[in-house]
Amino acid sequence: MSPPPHYLIFSGCLFLLLLQQLFPVFQADDVGTAARYGPPYIPTVCFGNDEGQFPTSNLFASAGEGIWDNGAACGRQYLVRCISAAVQRTCVPGETIQIRIVDRALTSVSRPISKDAATIVLSTTAFGTIANLSATFINIEFQQV
Ligand SMILES: *[C@@H]1O[C@H](CO)[C@@H](O)[C@H](O)[C@H]1NC(C)=O
């Protein structure tokens, strides 16, 4: 086979350029799962027992092993959005929360209300802002900020 003529290569490049204009490449969020936990909230492994570390909004969470990062996760902030759940209409449409990591889900004093290990375990306030509190487990999109 002979190599393709130059005009084919040229128009191929133009086509790829056009594709990129039509469908710009954007950074996709990470996808994971969220459970929830209730009081007592004691941030032992991150901040000792300093409850001053909780945001006044009560939008906080404990980190699952996937994002725990050997403790570096303490204090990190994430944007979290509910994308689906086992029961339809569990997600509150259009709600995104910004949460602060204050604990490790594996060892938190108050245990996650779900038998499945989640990427992130949200405070009751945080979970209830993006989903119906009758759910214990949701699929989320999240992004560190
Ligand atoms: C939350 O879910 C429960 C059980 O599925 C349902 O009865 C209730 O209406 C839901 N609440 C809202 C605000 O959608």
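Read the numbers this way: they start at 1 and go in the same order the structure lists the ligands and their atoms. From a predicted model like this one, the values you see are computed outputs, not experimental measurements.
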Protein non-hydrogen atom below 4.0 angstrom of atom 2 (O) of ligand 1 present: yes
Atom 13 (C) of ligand 1 - nearest protein heavy atom and its distance: Asn132 ND2, 4.4 Å
Heavy atom of the protein closest to atom 5 (O) of ligand 1 (residue, atom name, distance): Ser134 OG, 4.0 Å
Candidate list Ile83, Asn139, Thr119, test side-chain contact (heavy atoms from CB on, under 4.5 Å), partner Val31, passing option: Ile83
Distance (rounded to the nearest 0.5 Å) between Trp68 CH2 and Asp103 CG: 7.0 Å
Within-cut-off N or O pair, Arg89 and ligand 1, under 3.5 Å: no
Parallel, tilted or perpendicular: rings of Tyr41 and Phe60 (30°, 60°): perpendicular
Residue pair Leu79, Asp29: steps toward the side-chain contact (heavy atoms from CB on, under 4.5 Å) verdict: CA-CA 10 Å; Leu79 294 173; Asp29 290 333; over 6 Å; no
Asp69/Arg76 under salt bridge (charged side-chain N to carboxylate O under 4.0 Å, His left out): CA gap, chis, key distance, verdict: CA-CA 11 Å; Asp69 197 4; Arg76 280 184 184 157; 2.9 Å; yes
Test item: protein heavy atom less than 4.0 Å from atom 9 (O) of ligand 1: no
